[in-house]
Structure formats: structure tokens, C-alpha cells
K.L.:
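What follows is a structure written as C-alpha cells; I'll ask about it next.
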Protein chains: 2
Amino acid sequence: MNFKFSKRVPNLDDDVVGEILKVAGDPEIISFAGGLPAPELFPVEAMHQAADKVFEKYGKDALQYTATIGNVKLRESISHRMQTNKFVHTSIDNICITTGSEQSIDLVAKMMVNEGDVILVEKPTYLCALDVFKSYGAKVVGIDMDEDGMLMDALEAKLTEYSEAKLIYTIPNFQNPTGRTMTADRRQKMVEIAEKHNVVILEDDPYGEIRYSGEVVPPIKHYDENGTVVYMNTFSKILAPGMRLGWIVADKDFIDAFVVMKQSADLHSDNLSQYIVAQYMEDNDLDKHIQSISDEYKKRATMMLKEIDEQFPKGVKHSNPEGGMFIWVEVPGNVNTMDLFYNCVKHNVAFVPGEPFYPDEVIPGTFRMNFSNMKDDQIHEGVRRMAVAINEMM
Amino acid sequence: MNFKFSKRVPNLDDDVVGEILKVAGDPEIISFAGGLPAPELFPVEAMHQAADKVFEKYGKDALQYTATIGNVKLRESISHRMQTNKFVHTSIDNICITTGSEQSIDLVAKMMVNEGDVILVEKPTYLCALDVFKSYGAKVVGIDMDEDGMLMDALEAKLTEYSEAKLIYTIPNFQNPTGRTMTADRRQKMVEIAEKHNVVILEDDPYGEIRYSGEVVPPIKHYDENGTVVYMNTFSKILAPGMRLGWIVADKDFIDAFVVMKQSADLHSDNLSQYIVAQYMEDNDLDKHIQSISDEYKKRATMMLKEIDEQFPKGVKHSNPEGGMFIWVEVPGNVNTMDLFYNCVKHNVAFVPGEPFYPDEVIPGTFRMNFSNMKDDQIHEGVRRMAVAINEMM
């Protein structure tokens with residue numbers, strides 16, 4: 001059959017990212033392209049014990065349908081952590097469990113955006129968020145950033161230009177793809193600006209707890225007194241991504257509408273996994289587990305930065321992340337990083353070119369490197385191969 | 001904050017179904033309103049054993065991200081079952097795992113429907129599907145049905161009237177809400193009509209294997225040689241709904257686009273649950289388990305039908321399902337079943353009024369009763385209470 005798809009379906013021939021990840025998936029290639037957490041750090045044994053308890057104590061309940069908003073015990077644990085680790089006072093009525101961050105972004109976009117509505121994002125930003133926003137017909141506008149995150153003057157200017165903007169999407173901690181962190185002052189200022197312009201902030205914080213240097217900065221939601229900020233987080237980076245569990249924290253009116261939208265998307269998130277994670281959090285010290293992840297990622301980041309400094313040609317710049325999983329690299333001149341990508345692949349190493357992270361104007365010579373899922377020898381050898389390929393093109 | 005939601009968000013004050021289920025959730029009330037499978041039939045022990053094996057053998061892999069299209073072993077098992085139990089020859093490349101049927105409906109609607117496009121459905125049909133279709137701005141048109149399912153003459157007439165229709169949504173087996181089953185002749189005819197009019201059929205088959213009388217009828221997909229039919233099913237009714245796992249079977253071109261849409265919705269379905277269900281299917285006889293569900297539901301359906309025949313006033317008609325979970329009741333005259341619902345609640349019994357199941361014109365005096373999640377004494381006493389309430393209003 002010749003299918004007549006809706007205009008929400010992108011042209012599959014233009015799936016640059018799919019193509020990149022496919023090429024980078026070749027086992028011969030050292031890939032800094034993905035964004036996978038290190039599986040050797042997953043708490044398999046503790047999760048297994050939690051699952052045992054769930055099957056023994058709550059078997060039937062965990063296998064039955066549940067409320068769309070999510071498991072009460074899990075929301076209680078999250079509410080507690082939001083206070084202790086995020087300095088956000090909230091209640092379980094303000095928390096909805098989601099099927100991972102991707103669903104949180106998808107449903108918030110579906111809720112907020114009519115066709116042609118404007119969403120403001122960091123330039124560059126998480127590429128899958130861009131795909132979601134475009135699938136609802138949003139006009140996505142990039143805001144300039146520096147090493148301290150989104151520039152508030154630039155945000156204010158764009159909000160004046162696009163006065164009907166619906167949403168500001170931001171990743172304030174160890175941003176994907178740049179690894180940059182927004183300062184506390186800017187966070188506070190962003191809430192003021194958003195309130196003045198009556199626009200919702202969607203704060204995406206998947207990496208926030210994976211901090212291995214510098215000082216903790218409270219989330220933007222911490223400065224929010226009027227429900228302007230919708231905060232989202234996930235268990236993918238601090239526990240395990242396979243279970244597809246995330247959450248949002250928002251004003252009660254927002255949660256009520258979100259729950260209705262989620263009901264139409266998948267009724268509720270996996271109930272068994274919600275029970276298992278809630279049990280895991282009851283029986284284990286999640287902070288201690290996260291510390292072990294941060295310690296390991298610190299080693300890998302430090303090593304990758306050292307290798308980049310030593311091996312990449314002079315003039316190459318990079319971000320200095322204090323946490324998270326990514327380093328952003330800028331090669332001087334007008335290097336097309338798609339071409340650089342294919343040259344690197346010839347040398348059996350891969351990364352993600354900058355292009356797909358940009359909502360509008362592309363800054364050439366930029367790309368993202370992931371260090372969380374690579375061992376020491378792979379980092380050393382991979383950066384060496386990249387240096388050869390970069391030298392050939394500069 | 002005063003949120004400016006998109007037009008996709010329904011008016012929350014109009015959430016009739018939410019209101020019904022909330023009222024029906026009162027523990028004093030015998031509720032025939034829900035659509036829950038009987039939890040005492042969940043194979044808790046066998047699922048626990050499968051989970052143990054998964055944690056022991058595949059712990060890290062099951063907790064890591066996976067491919068959007070889903071677990072290979074699970075798709076192989078489904079492919080095999082599609083052939084043995086559904087007479088559909090397919091391959092794993094034509095199968096995508098979903099986060100339950102709700103997601104399958106949501107993504108197919110998102111893929112196929114631009115604002116204002118027409119979707120044809122049985123009158124009445126699954127109310128959550130109607131909500132999803134409306135969230136994408138579809139115009140939903142009802143097709144008349146009789147005891148043998150959707151009327152093909154009526155379908156052809158509507159396809160002539162709405163020549164640009166994008167989708168026919170149908171539940172051919174033990175339909176929700178009517179419990180009716182479409183004949184083999186009509187299924188074959190539906191494929192012919194759909195091909196002639198170049199419209200996709202979305203065949204929703206959650207109850208198909210829960211048959212306790214009559215002859216098995218092949219799915220519509222069995223008659224499809226050109227990729228016209230997108231077939232969807234779920235583990236919710238044959239295994240456990242809490243894990244939110246379903247699947248679609250479709251033409252490769254359709255699957256390719258579907259996978260891209262699913263990636264933007266939740267990256268992939270719960271990987272741990274996919275592993276557990278795949279392991280369960282490897283180690284257990286799912287057909288035997290389904291037989292035990294069917295045996296129990298047969299008892300409950302038979303008892304409810306007998307009680308209805310004996311206790312409801314003369315002139316009340318009902319469907320005679322050969323499987324599934326629902327009975328459709330028609331009260332003579334112009335009884336408003338929302339009023340009847342509130343009168344029944346006074347007598348501590350509940351059902352779902354017909355209104356929300358209708359896409360356009362509502363046939364008064366109709367409502368749905370569920371028998372899968374009720375014990376014998378509840379069925380007896382609940383039908384008695386309903387009979388009193390109906391008598392008061394006729």
C-alpha cells in the first residue's frame with residue numbers, strides 16, 4: 001500500500017541521526033556518539049532483590065492496571081528527594097510518573113503547542129527534543145549561550161520578538177550536548193523573565209545529580225513560586241534507562257491536564273517497574289549509588305579532556321563539564337563536522353556532528369563527544385584516531 | 001500561573017468517563033464499570049521465575065536502553081504466535097513492540113491524521129480511542145453495526161461520502177463495548193473495500209484469544225495481501241496489563257515510519273518487562289494460561305447473562321458475546337443512561353453509560369457491563385440492584 005502519512009511524520013530519508021548511530025554502531029568503531037550510561041554500574045543485584053520482594057509482596061497489584069499519575073510510594077520517594085536533593089518543596093499531587101523523559105517532553109509539547117507556536121531552546125540543544133517539537137508543528141527558535149548557559153539578554157530579546165511564545169525548553173545542568181551548566185543567577189532571572197512574559201519553562205534535568213566537581217546549583221524550579229516551571233527528571237542516568245521511568249513536577253492545574261494527555265498516550269507507565277524502583281529506593285541508598293556513578297564518570301571525563309588537550313590540534317576548544325556525560329568540541333575554521341564524521345569513521349572512531357543539535361542557524365566546526373560508556377583504553381585510542389582525522393581536515 | 005494549553009487538551013470539566021470511574025471506585029459499590037482483567041488469574045509465580053532468569057542471565061542488557069522496535073526474542077515469539085494462533089504469516093521486521101494498545105492507537109493516529117481528517121469507527125466503539133483521535137483533530141464518523149459487527153454497506157456509503165478518509169478503526173472480536181464479533185465474510189469484504197478506497201484499516205484485537213464459545217474467526221489481517229491492515233494486540237488481557245506491552249504488525253514501510261514516531265514518544269517500551277515476557281513465553285505454555293482465563297470468564301459471562309435474563313425487566317436486550325469481557329445492554333424507550341447511572345449509584349452498583357462510546361449520534365438506553373473482574377456473588381447482587389434501579393426508571 002502507498003501510505004499517505006500525516007505531515008507530523010518526518011521524511012525518513014532525512015534521518016541524519018539514525019544514519020550516524022547506525023554507522024557508529026559498527027563494532028569495529030570506537031563510538032563517542034551515543035549517550036548510554038555505563039551498564040557495568042547498573043545495580044543489577046539490588047534491583048533483582050527489589051523485584052523479588054515486589055513479586056512476593058505485591059505480585060497481583062504490580063501486574064494490574066494502575067492510576068495514570070503513578071505509584072504512590074514511588075511519588076512519595078521522589079517528593080522526598082526533590083526536597084533533600086533539589087531544594088524543591090512539593091507533594092505527591094504535583095508529581096506524575098512518565099515513561100521516561102522523552103514522553104515528558106512529548107506530552108508537554110502536545111499540551112502546550114498549537115501548530116506554528118514558538119518554543120525557545122538553547123542553541124544547541126537535545127536533538128530528540130527538537131524532533132518532538134517539530135512533530136507538533138512548533139516553530140523552534142534558538143537562544144545563544146555561553147559557558148554559563150543560556151544568555152538571559154538573548155532570551156529577553158527573543159521573547160520580545162516572539163511575544164506569543166509558549167515554552168522555554170532548557171537543560172540547565174551539564175547540558176546535552178554542551179556539558180555546560182547555567183549559573184544560579186541566570187536561573188533566578190529566567191523565572192522572572194518567564195513570568196513577565198507569561199511563558200512556561202520546561203526544565204529538563206536528567207544529568208543534574210551526576211556532578212563530580214564544582215558546587216551544586218538549585219534547579220530553576222527552586223526559584224519558582226507561581227507554577228511557571230515544569231520540572232522533569234528521569235531514572236535513566238541515575239539508575240537504569242531500560243525501565244523507562246521519569247517524572248514531572250508541576251503546578252496542580254498542569255498535572256491535571258498532563259494526566260489526561262498521558263492517559264491517551266499509554267494509560268500509565270510500566271507498573272511492575274514502578275514497584276521495583278520504589279522498592280529499590282526503600283531498601284537502598286540511592287545517593288551512594290549515584291556517588292559511585294559520578295566517581296567513575298569523573299575519571300572518564302578527566303581522561304577524555306586530558307587526551308583532547310594533548311592530542312587534538314592547537315586551537316580546538318572544548319567545554320569543561322562539572323558533571324553529566326558529554327563534552328562539546330569546537331574546531332577552528334569552517335569545518336563541516338558531517339564531513340569530519342565520515343572521515344573519522346574511516347579511522348574507526350565516531351561522535352555526533354553539531355548540525356542536528358541546532359534548531360535554526362548551525363555553528364560549523366562543533367560536535368559532541370560522550371565519555372560515560374567508554375573504558376580508558378577506548379578513550380585514549382579513540383581520541384588519538386580523531387586527532388588524526390581532524391588534522392587531515394584542518 | 002494561568003496556563004494557555006493547546007487545543008489538543010480537552011476541557012477537563014467534561015471528563016464524563018473520569019467522573020464515572022471515580023464514582024464507581026467507591027468500595028461500597030459493586031462496579032461493572034471498569035475493564036480490568038481478573039488479577040487472581042495473573043501468573044504471578046511464573047512471571048517471578050521469568051524475572052529471576054532475566055536478572056541472572058541478562059541483567060545489564062535488560063536495564064540498558066534498547067532498540068525502539070523492541071526485543072528480538074519477544075518479536076520472534078509474537079511472529080510465531082501470529083502464524084499459529086492468528087493465521088497471519090509475518091516476520092519480526094513487520095512487528096514493533098509498543099507501550100500497550102493505547103500507544104499503538106495514539107501513534108497510528110498521529111502518523112495518519114492531519115487536522116480535520118476523517119476516521120471511521122464502529123458505532124459504538126472504545127471510548128479512549130475516540131479521545132485519542134480527537135486529540136489529533138480528527139473528525140470521527142460512526143458506522144452502524146449489528147450483532148455481526150460493522151455493516152459493510154454502511155462502511156462503503158461513508159467511504160463514498162468521505163472519500164478522503166484516512167483510517168478505519170475496528171475491534172472485530174468481542175468488541176468493546178458491545179461484545180460483538182464480526183463475521184469472516186465481512187472481514188474479507190472490509191479489506192476489499194479499504195483497498196478500493198485506499199484507506200488503512202487499524203484492527204484492534206485485545207480480546208481475540210479470550211474466546212469461550214463459537215468458532216475462531218481469522219483476523220482481518222489474515223485477508224490482507226497488500227499491507228492495508230495494521231494489526232494491533234496486547235499482553236494486557238492474556239497475561240498482565242501492568243507491564244504495558246503491546247505490538248503492531250504492519251507493512252515494512254509503515255513499521256519504519258511508526259518506529260520514528262515511537263522514538264519521539266518514549267524511545268522504546270520497558271526493556272526489563274520485554275525481557276520478562278519473552279522469557280515467560282519461552283518457559284511456559286501461554287495457550288494453556290489463556291485457556292484458564294477463558295474458562296473463568298465463560299463462567300462469569302454465563303452467570304451475568306443468566307442474571308440479566310432473570311432479573312432485568314422484560315424488553316431489555318443484550319449482546320451474547322462469545323468471548324472477551326463485556327456485555328452491551330439496551331433498555332427500551334428513551335432512557336438516559338447517565339441518569340440511570342446515577343440512580344444505580346444510589347443502589348450501590350455501577351456500569352458505563354453508552355454516551356461516551358458514541359462518536360457522533362448517541363443511541364439512548366444503551367450501556368456496557370463488565371464481567372471479567374467480578375466474583376459470582378457480586379454478579380448476582382449487582383445485577384439485582386441494577387434491576388431495581390432500571391425498574392424505577394422505565
Side-chain angles (χ1 to χ4, degrees), chain A residues 1 3-10 12 15 36 39-40 42 44 47-48 51-52 55 59-60 62-66 99-100 102-103 106 110-114 128 131-132 135 166 200 226-228 240-244 251 253-254 256-257 260-261 263-273, chain B residues 1 3-10 12 15 36 39-40 42 44 47-48 51-52 55 59-60 62-66 99-100 102-103 106 110-114 128 131-132 135 166 200 226-228 240-244 251 253-254 256-257 260-261 263-273:
Chain A
M1 186 168 186
F3 297 107
K4 293 176 290 181
F5 295 136
S6 77
K7 57 190 172 186
R8 297 187 188 95
V9 179
L12 302 191
D15 183 15
L36 301 189
E40 62 272 25
F42 293 157
V44 176
M47 292 291 262
H48 188 173
D52 276 342
F55 275 109
K60 280 179 206 166
L63 295 178
Q64 184 59 289
Y65 286 113
T66 189
T99 308
E102 199 69 25
Q103 182 179 64
D106 182 57
K110 189 176 181 186
M111 276 173 70
M112 297 304 298
V113 173
N114 290 316
C128 292
D131 289 341
V132 172
S135 81
K166 283 295 190 69
V200 170
N226 299 306
T228 306
M243 301 170 98
R244 311 303 311 123
D251 189 271
D253 287 347
F254 192 95
D256 287 346
V260 169
M261 301 306 275
Q263 194 173 329
S264 282
D266 62 3
L267 295 186
H268 59 78
S269 299
D270 190 302
N271 196 20
L272 177 64
S273 285
Chain B
M1 184 168 188
F3 297 107
K4 292 175 291 180
F5 295 136
S6 77
K7 57 190 172 184
R8 297 188 188 93
V9 179
L12 302 191
D15 183 15
L36 302 188
E40 63 272 25
F42 293 157
V44 175
M47 293 291 261
H48 188 174
D52 276 342
F55 275 108
K60 283 179 203 166
L63 295 177
Q64 184 59 288
Y65 286 113
T66 189
T99 308
E102 199 69 23
Q103 181 178 67
D106 182 57
K110 190 175 181 186
M111 277 172 71
M112 297 304 298
V113 172
N114 289 316
C128 292
D131 288 341
V132 173
S135 82
K166 282 294 191 67
V200 170
N226 299 306
T228 306
M243 301 169 99
R244 310 304 311 121
D251 189 90
D253 287 347
F254 193 96
D256 287 347
V260 170
M261 301 307 274
Q263 194 173 331
S264 282
D266 63 3
L267 295 187
H268 60 78
S269 298
D270 191 300
N271 196 19
L272 177 62
S273 285

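Just so it is clear, the structure is predicted and the values come from calculations on it, not from any experiment.
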K.L.:
Under 4.5 Å heavy-atom distance to chain A, tell me which part of B:V260 shows up: side chain, backbone, both or neither.
P.N.:
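Just its side chain gets close to chain A.
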K.L.:
Quick check on the interface: out of A:L12, A:D256, A:D251, A:D270, who has the most heavy-atom pairs with chain B under 4.5 Å?
P.N.:
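Option with the top pair count is A:D270.
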K.L.:
Measuring heavy-atom distances to chain B, does A:L272 have an atom under 4.5 Å in its side chain, in its backbone, in both, or in neither?
P.N.:
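Both parts, heavy atoms under 4.5 Å.
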K.L.:
Using heavy-atom distances under 4.5 Å, tell me whether B:F3 contacts chain A through its side chain, its backbone, both, or neither.
P.N.:
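Side chain of B:F3 only, per the 4.5 Å heavy-atom cut-off to chain A.
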K.L.:
Heavy-atom pairs under 4.5 Å with chain B are the metric here; pick the option from A:C128, A:A265, A:S273 that has the most.
P.N.:
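That would be A:A265.
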K.L.:
Go through A:D106, A:L63, A:D52 and name the one with the most non-hydrogen pairs under 4.5 angstrom from chain B.
P.N.:
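So the answer, after comparing A:D106, A:L63, A:D52, is A:L63.
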K.L.:
In terms of heavy-atom pairs under 4.5 Å, which option from A:M47, A:K7, A:M111 contacts chain B the most?
P.N.:
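The residue among A:M47, A:K7, A:M111 with the greatest pair count is A:M111.
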K.L.:
Can you check whether B:Y65 reaches A:R244 side chain to side chain, under 4.5 Å on heavy atoms?
P.N.:
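The answer is yes, as the side chains (C-beta and beyond) meet within the 4.5 Å cut-off.
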K.L.:
Name the region of B:L267, side chain, backbone, both or neither, that has any atom closer than 4.5 Å to a heavy atom of chain A.
P.N.:
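Both backbone and side chain.
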K.L.:
Quick check: closest heavy atoms across A:K60 and B:V44, and the distance to 0.1 Å?
P.N.:
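Closest approach of A:K60 to B:V44, heavy atoms only: N-CG2, 3.9 Å.
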K.L.:
Using every non-hydrogen atom in the two residues, find where A:E102 and B:Q263 come nearest and quote the distance to one decimal.
P.N.:
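In terms of heavy atoms, the two residues are closest at CG-O, 3.3 Å.
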K.L.:
Given that the side chain runs from C-beta out, which part of B:A62 has a heavy atom under 4.5 Å from chain A: side chain, backbone, both or neither?
P.N.:
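Contact with chain A involves the backbone of B:A62 alone.
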K.L.:
Which heavy-atom pair separates B:P241 from A:Q64 by the least distance, and what is that distance?
P.N.:
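The pair with the smallest heavy-atom distance is CG-OE1, 3.3 Å.
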K.L.:
Under the side-chain hydrogen bond (donor to acceptor under 3.5 Å, both in side chains) test, which residues partner B:T99, sequence neighbours left out?
P.N.:
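So B:T99 forms a side-chain hydrogen bond (donor to acceptor under 3.5 Å, both in side chains) with B:Q103, B:K262, B:D266, B:S269.
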K.L.:
Does any N or O in the side chain of A:D131 come within less than 3.5 Å of the main-chain N or O of B:S264, such that one atom is a donor and the other an acceptor?
P.N.:
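Between the backbone of B:S264 and the side chain of A:D131 there is no qualifying donor-acceptor contact (under 3.5 Å).
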K.L.:
Would you check if A:S6 and B:V113 make a side-chain contact, meaning some heavy-atom pair closer than 4.5 Å?
P.N.:
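They are not in side-chain contact.
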K.L.:
If I compare all heavy atoms of A:A257 with all of B:V9, which pair ends up nearest, and what's the gap?
P.N.:
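Where A:A257 meets B:V9 most closely, the heavy atoms are CB-CG1, 4.1 Å.
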K.L.:
Is B:M261 close to chain A through its backbone or its side chain, or both, or neither, when contacts mean heavy atoms under 4.5 Å?
P.N.:
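Side chain only.
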K.L.:
Heavy-atom cut-off 4.5 Å, strictly under: side chain, backbone, both or neither for B:F42 against chain A?
P.N.:
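The side chain, not the backbone.
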K.L.:
By a 4.5 Å heavy-atom criterion (distance strictly below it), what part of B:T66 contacts chain A: side chain, backbone, both, or neither?
P.N.:
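No part of it gets close to chain A.
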